[in-house]
Number of protein chains: 2
Amino acid sequence: MEDETARRGPKRSLSADQIVTVAMGMFDGETPSIRGVAARLNVRPNTLYTYLPDRAALERALVDRLLAEADPDVLVGRRGWRRRIEDYAVSLREVLLERRGAAALFHAAPMDGPTAAIVGERLLGAFVEAGLDPVSASRAAYAVIVHVLGSASLTAADLGDTTEAALIEARRQAVIDPDAFPLTAATLDTAATWNTVDQFRWSLRALLEGCVTPPRPS
Amino acid sequence: MEDETARRGPKRSLSADQIVTVAMGMFDGETPSIRGVAARLNVRPNTLYTYLPDRAALERALVDRLLAEADPDVLVGRRGWRRRIEDYAVSLREVLLERRGAAALFHAAPMDGPTAAIVGERLLGAFVEAGLDPVSASRAAYAVIVHVLGSASLTAADLGDTTEAALIEARRQAVIDPDAFPLTAATLDTAATWNTVDQFRWSLRALLEGCVTPPRPS
DNA sequence: ACCTGAACACCGTTCAAGT
DNA sequence: ACCTGAACACCGTTCAAGT
């Protein structure tokens, strides 16, 4: 009948979950470091190795938490499949851009956590609903993941320390030689918005459209 | 009338280009480090700061070299626009996967070098040829970049230290609960090939198709 | 003008020792 | 069982000093 905290005594002052939660609040351009997280927890760096085998484990856990933060529940419901996919994608993009350095994580750690499995299953469901056969649905689901993460991390890299507005302005002011790069010069204003949600929605819609279009004869 | 090397004497034993060239041969999962490159050049780490302002400059230079290695010339010629884009994309993917750690670079350093400008201009040309208006061509060009880099770095992350064949086999052997994840379980064999060129070509074609399809009314 | 020694403030990780 | 001190082998970068 002991209460929860006393059940086995306060031997463990930490847990892997707690460590990951603290780390989630420490994105600042880099992935939170083992030493940094330990310092925040007022504990020596090697203490964390009681709960995590290595840094890669922390990274995998962070990847899964970020996927969950984007709320996989928007992938189900009675709205159309396009809308559901787009909403989750936009949400994930937002989550990743809110925390500087989060996007890059996905290119260092594999997505093999429980939330990744749920997101995968639901993406498949949306594409089956769109009329795709299972093989195409699987390919389409991965294509969407690729596009969302690619976009988020490229944007994160371009943003660096500045704001979106500053980046757009800087891009607009770029000096392009119109003789060597006529098309680039003519489309400078559009290129200036490459890192906006609007561009993201445009390319994601194009991808979805292409995924559900029967392949043309090559 | 002095010869080239003697013109100002052998004061400089290095050049930024030389440093970048050496670094290009040192991808091993991480971006080559300043200290590592210096060691390879038989020079003290801080010597490199005579030629490069900081590590970020090395990274930007490497990004441009990698884009060039994929050979932007395949983007021009008399072959169809789809073929030209796909060939460059596949080539860039290959270049990035050949050097472990190369793909991740693009998500840390902006693409602002001379080769990036050429690739951009030629992608725009291909999409204009496809009949897109300038604004759509610009968006489509960026969408392609996003997709290629997203795919390459996700694949690099999944591959880790193993080979493609080993990864496919491991994915095929994965145990999925068919009650909780019916679609995932049913499409396991396709998911096993997510990191292959075939999947890459499939999703890239879908993206291109969607880019040249007139937008549907939302 | 170029290169270096020495130092600073960081990393991830291991291992034997303490409680 | 958990936490730590100390150490190892790394980072990028700065700065005063040497040639």
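Throughout, protein chains are lettered first and strands after them, A, B, ... in sequence-line order, and every chain is numbered starting at 1.
- Remark: the B/Thr184 side chain and the A/Glu121 side chain contain an N/O donor-acceptor pair separated by less than 3.5 Å.
- Using a 4.0 Å heavy-atom cutoff across all strands shown, A/Arg35 reaches at least one base atom of the nucleic acid.
- A/Ile34 has its CD1 atom 13 Å from the C1' atom of C/dT14, to the nearest Å.
- For B/Ser13, a side-chain nitrogen or oxygen approaches OP1 or OP2 of C/dC3 to under 4.0 Å.
- B/Thr50 has no side-chain polar atom (N or O) that falls below the 4.0 Å cut-off from OP1 or OP2 of C/dC2.
- Of the side-chain N and O atoms in A/Arg44, one or more sit less than 4.0 angstrom from OP1 or OP2 of D/dG5.
- Contact annotation for B/Ser33: backbone-only contact, meaning every heavy-atom pair under 4.0 Å involves sugar-phosphate atoms and none involves a base.
- Of all nucleotides listed (C/dG12, C/dC2, D/dT13), C/dC2 comes nearest to the side chain of B/Tyr51.
- Side chain to side chain, B/Arg65 and B/Thr21 meet the donor-acceptor criterion of an N or O pair below 3.5 Å.
- A distance of 12.5 Å separates CG in A/Leu183 from CZ in B/Phe127, rounded to the nearest 0.5 Å.
- Using cut-offs of 30° and 60° on the angle between ring planes, the pair A/Trp194 and B/Tyr142 is parallel.
- Spacing between atom CG of A/Leu52 and atom P of D/dC3 amounts to 12 Å, rounded to whole angstrom units.
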